[in-house]
Amino acid sequence: MVLTAFCEGQFAGYLCIKWMPKYPTFKEREIPEIRDLNVLLKYRNMGIATRLLDDAESCIAQRSSYAGIGVGLSRDYGAAQQIYIRRGYVPDGQGVYQKGRYLEQGDSATVDDDLVLYFLKKLN
């Protein structure tokens with residue numbers, strides 16, 4: 001499912017909900033995953049991401065008690081990390097995940113878009 005945002009008739013951003021995610025913890029627990037939250041630069045800091053997340057969580061709450069989300073660990077994801085934590089998302093406790101596997105103590109990893117920490121939020 002793709003949710004879109006418009007500001008004064010202009011496309012401003014989007015968010016995807018993956019109802020059957022591949023991430024093992026979410027797949028096993030049937031937790032929908034919020035993915036690809038993107039707001040165009042000129043529309044940031046206008047509450048658009050918040051509204052998209054509100055709508056996504058509302059949709060998810062009709063099917064699940066939890067929403068899941070993954071966020072990259074590089075500086076590029078800093079704003080996303082902050083908004084998710086402010087909204088009540090907490091790490092799922094499984095550690096860092098990359099390219100289909102959980103990383104273990106002593107593993108090496110390349111910091112790229114595939115290096116992710118997953119979060120959960122209990123919905124009303």
Side-chain angles (χ1 to χ4, degrees):
M1 174 183 276
V2 178
L3 304 179
T4 55
F6 291 83
C7 185
E8 298 179 359
Q10 298 297 309
F11 176 77
Y14 71 95
L15 171 153
C16 300
I17 299 172
K18 190 161 190 169
W19 295 107
M20 297 169 53
K22 293 181 181 177
Y23 176 64
T25 301
F26 295 171
K27 183 178 181 177
E28 291 165 10
R29 296 178 60 191
E30 298 181 355
I31 297 171
E33 181 182 352
I34 295 171
R35 298 182 54 106
D36 301 326
L37 171 59
N38 287 290
V39 176
L40 299 180
L41 284 173
K42 73 184 216 176
Y43 296 110
R44 292 190 182 168
N45 299 310
M46 297 174 66
I48 293 170
T50 296
R51 179 65 188 268
L52 284 166
L53 286 165
D54 287 345
D55 290 349
E57 290 170 4
S58 179
C59 287
I60 291 169
Q62 295 175 29
R63 297 189 190 185
S64 175
S65 298
Y66 288 90
I69 198 160
V71 66
L73 298 180
S74 69
R75 179 184 295 200
D76 295 340
Y77 293 95
Q81 295 163 1
Q82 290 178 325
I83 193 171
Y84 302 147
I85 289 169
R86 280 194 308 266
R87 291 183 63 88
Y89 286 85
V90 296
D92 70 354
Q94 300 301 313
V96 181
Y97 191 79
Q98 187 175 47
K99 294 182 173 49
R101 70 184 189 95
Y102 297 100
L103 299 184
E104 301 294 335
Q105 191 74 15
D107 285 347
S108 295
T110 300
V111 178
D112 59 16
D113 290 343
D114 293 324
L115 186 64
V116 177
L117 186 63
Y118 284 88
F119 290 77
L120 290 170
K121 180 179 179 179
K122 175 96 168 106
L123 304 174
N124 295 336

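Everything numeric here is computed off the predicted structure, so don't read it as measured data. Along the sequence shown, residues carry numbers from 1.
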Practice prompt. Locate the shortest heavy-atom distance separating Leu120 from Gly68; write the atom from each residue and the value.
Written response: CD2-CA, 4.3 Å
Discussion item. When you compare the side chain of Thr50 with that of Arg87, does any pair of heavy atoms fall below 4.5 Å?
Written reply: yes
Worksheet entry | Whether over 12 other heavy atoms sit under 6.0 Å from Gln94 CD | yes
Discussion item. Below 30° counts as parallel, above 60° as perpendicular, anything between as tilted: where do the rings of Tyr102 and Tyr97 land?
Written reply: perpendicular
Worksheet entry | Gln98 side chain vs Thr110 backbone, donor-acceptor pair below 3.5 Å | yes
Worksheet item: Looking at side-chain heavy atoms only, is the closest gap between Val111 and Leu73 below 4.5 Å?
Response: no
Item to complete: Tell me whether Ile60 is reachable from Val2 by hopping between hydrophobic residues (I, L, V, M, F, W, Y) whose side-chain heavy atoms are closer than 4.5 Å.
Response: yes
Worksheet item: Are Tyr89 and Val116 connected in a single hydrophobic cluster, I mean Ile/Leu/Val/Met/Phe/Trp/Tyr linked by side-chain heavy atoms less than 4.5 Å apart?
Response: no
Worksheet item: What are the two closest non-hydrogen atoms of Ile69 and Ile34, and how far apart are they?
Response: CG1-O, 3.4 Å
Practice prompt. Answer yes or no: does atom NZ of Lys99 have more than 12 heavy-atom neighbours from other residues, nucleotides or ligands under 6.0 Å?
Written response: yes
Worksheet item: Is a donor on one side and an acceptor on the other found under 3.5 Å between the side chain of Gln81 and the backbone of Gly72?
Response: yes
Discussion item. Using the rule given for side-chain contact (heavy atoms from CB on, under 4.5 Å), can you reason through Asp113 versus Asp76, listing the C-alpha separation, both sets of side-chain angles and the distance that settles it, and then say yes or no?
Written reply: CA-CA 9 Å; Asp113 290 343; Asp76 295 340; 5.5 Å; no
Discussion item. Show the nearest heavy-atom pair for residues Met1 and Cys59, with the distance to one decimal.
Written reply: SD-SG, 4.2 Å
Practice prompt. Evaluate the side-chain proximity of Leu40 to Gln10: yes if any heavy-atom separation is below 4.5 Å, no if none is.
Written response: no
Worksheet item: Val90 and Leu53: same hydrophobic cluster, using ILVMFWY side-chain contacts below 4.5 Å?
Response: no
Worksheet item: Is there a side-chain contact between Tyr84 and Val71, using heavy atoms and a 4.5 Å cut-off?
Response: yes
Worksheet item: To the nearest 0.5 Å, what is the distance between CG (Leu3) and CG (Asp55)?
Response: 6.5 Å
Item to complete: Please examine the side chains of Leu123 and Gln62, heavy atoms only from C-beta on, and report whether any two atoms are closer than 4.5 Å.
Response: no
Worksheet entry | Hphob cluster co-occupancy, Leu37 + Ile48, side-chain heavy atoms under 4.5 angstrom | yes
Worksheet item: Do the charged groups of Lys18 and Asp36 touch, with an N to O distance under 4.0 Å?
Response: no
Worksheet item: In this structure, are over 12 heavy atoms from other groups packed under 6.0 Å from Arg51 atom CZ?
Response: no
Worksheet entry | Shared hydrophobic cluster, Phe119 / Tyr66 (ILVMFWY, side-chain heavy atoms < 4.5 Å) | no
Practice prompt. Evaluate the ring planes of Tyr23 and Phe26, with Trp represented by its six-membered ring, and classify them as parallel (under 30°), tilted (30 to 60°) or perpendicular (over 60°).
Written response: perpendicular
Worksheet item: At what distance, to the nearest 0.5 angstrom, does OG of Ser64 lie from NZ of Lys122?
Response: 8.5 Å
